[in-house]
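A quick write-up on the structure given underneath.
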Amino acid sequence: MDRTTEGWISGFLGVLIFSGSLPATRIAVLDIDPLFLTLARATIAGLLGAALLVALREKRPATSDLLPLAIVSLGVVVGFPLLTALALQHITSAQSICFVGLLPLATAVFGILRGGERPRAAFWIFSGLGGALVAGFALVQGGGASPVGSLLMIGAILACGLGYAEGAKLSRRLGGWQVISWALVLSLPLTAGLMLFNLPASWSGIGVPAWLSLAYVSLFSMLIGFVFWYRGLALGGIAGVSQLQLLQPFFGLMLAALLLNEAVGWGMVAVNVAVIACVAGAKRFASDPRGQALAGDAARGGWPEQVRP
């Protein structure tokens with residue numbers, strides 16, 4: 001198997017892992033407070049990330065990397081998990097997955113803002129159309145989709161997009177899995193301390209499905225998924241493998257239907273298809289293909305060969 005094929009397979013596994021995050025979170029918040037869930041998953045993943053960094057004897061990040069790592073922590077470690085957990089108290093996981101279709105676009109927008117790129121006019125056309133589709137879907141749903149839940153999901157997507165974009169820049173220097181591990185470790189004193197202050201008054205009301213969901217989002221969504229995802233980007237190239245993320249809403253909808261028995265109507269599927277088409281078009285015109293190729297080369301050169309998930 002060549003490196004490119006291996007990269008695509010690894011990236012596909014990463015997308016599959018991330019696709020289970022929202023359904024698992026939906027199950028967990030039925031019994032677990034969203035704030036405690038966010039802090040617990042970050043604490044557990046942070047301890048595992050610290051063990052991984054120590055075991056592989058990774059160098060500490062430079063002082064100039066601390067602020068970008070803090071942005072990654074706020075966006076990916078705290079912001080996205082907390083906002084989605086709060087949102088899922090008001091909307092179903094199937095509804096929330098519609099917003100996840102905009103995550104690649106949000107990442108691209110923040111990449112442009114942070115990297116100073118100049119996308120072509122077609123990028124903004126696709127971007128505006130995708131945003132209009134999501135907003136229209138939320139309005140049409142009316143009472144079926146809570147405005148509070150929708151706003152929380154928009155905030156979650158913006159936070160995650162910023163965290164992904166900042167982490168992408170850092171990964172060229174530190175490596176992909178190292179970025180998420182250091183972000184988790186840097187936030188560990190805060191997340192662990194706050195977790196202890198927000199312990200549930202009683203553990204008896206937390207069922208086995210909620211505990212299993214907490215284990216999933218802690219181990220897979222916060223750490224292992226990033227190992228496969230960044231490894232896929234490194235081996236297969238960022239420009240190509242990143243398109244696999246467009247499949248995430250489909251996988252998430254299937255999981256929501258299978259695991260939670262949530263209704264997934266044809267209208268919701270149609271919106272997802274349209275949004276994914278807009279995201280694909282926007283990413284197509286987001287930057288010069290030559291720049292994407294160079295980014296892919298940089299990622300491939302920066303991945304330590306000894307790390308194999």
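Starting from 1, each residue takes its place in the sequence as its number.
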Would [X] end up clustered with [Y] when hydrophobic side chains under 4.5 Å apart are linked, directly or stepwise?
{"X": "L35", "Y": "L184", "answer": "yes"}
{"X": "V217", "Y": "F228", "answer": "yes"}
{"X": "L66", "Y": "L74", "answer": "no"}
{"X": "L103", "Y": "L86", "answer": "yes"}
{"X": "L194", "Y": "L196", "answer": "yes"}

Looking at [atom1] of [X] and [atom2] of [Y], how far apart are the two atoms once the value is rounded to the nearest 0.5 Å?
{"X": "L162", "Y": "F80", "atom1": "CG", "atom2": "CZ", "result": "13.5 Å"}
{"X": "L52", "Y": "I180", "atom1": "CG", "atom2": "CD1", "result": "11.5 Å"}
{"X": "I44", "Y": "L219", "atom1": "CD1", "atom2": "CG", "result": "9.0 Å"}
{"X": "L37", "Y": "D31", "atom1": "CG", "atom2": "CG", "result": "11.0 Å"}
{"X": "L39", "Y": "D33", "atom1": "CG", "atom2": "CG", "result": "9.0 Å"}
{"X": "W211", "Y": "I32", "atom1": "CH2", "atom2": "CD1", "result": "6.0 Å"}

Return the minimal non-hydrogen interatomic distance between [X] and [Y], and the atom names on each side.
{"X": "G49", "Y": "V185", "value": "C-CG2, 4.2 Å"}
{"X": "L223", "Y": "A45", "value": "CD2-O, 4.3 Å"}
{"X": "A156", "Y": "L83", "value": "N-CD1, 3.5 Å"}
{"X": "S221", "Y": "I17", "value": "N-CG2, 4.3 Å"}
{"X": "P81", "Y": "M222", "value": "CG-SD, 4.2 Å"}
{"X": "S64", "Y": "P68", "value": "O-CD, 3.3 Å"}

Q: Could you go through the side chain to side chain contact (heavy atoms under 4.5 Å, CB included) check for V72 and Y164 one step at a time?
A: CA-CA 7 Å; V72 175; Y164 277 176; over 6 Å; no
Between [X] and [Y], is there a donor-acceptor pair closer than 3.5 Å when you use the side chain of the first and the backbone of the second?
{"X": "R26", "Y": "I91", "answer": "yes"}
{"X": "S213", "Y": "P209", "answer": "yes"}
{"X": "Y216", "Y": "T25", "answer": "no"}
{"X": "S73", "Y": "A183", "answer": "yes"}

Do [X] and [Y] have side chains that approach each other closer than 4.5 Å (heavy atoms only, starting at C-beta)?
{"X": "S181", "Y": "E58", "answer": "no"}
{"X": "S150", "Y": "F99", "answer": "yes"}
{"X": "R60", "Y": "W182", "answer": "yes"}

**Q.** Aromatic plane relationship, F226 with F18 - under 30° parallel, 30 to 60° tilted, over 60° perpendicular
**A.**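 It falls in the perpendicular class, over 60°.
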Q) Hey, mind stepping through T84 and M153 against side chain to side chain contact (heavy atoms under 4.5 Å, CB included) and telling me if it holds? A) CA-CA 6 Å; T84 53; M153 280 305 304; 3.8 Å; yes
Q: Evaluate the criterion side chain to side chain contact (heavy atoms under 4.5 Å, CB included) for residue pair I206 and F36; output intermediate values, then yes/no.
A: CA-CA 12 Å; I206 303 177; F36 176 75; 5.5 Å; no
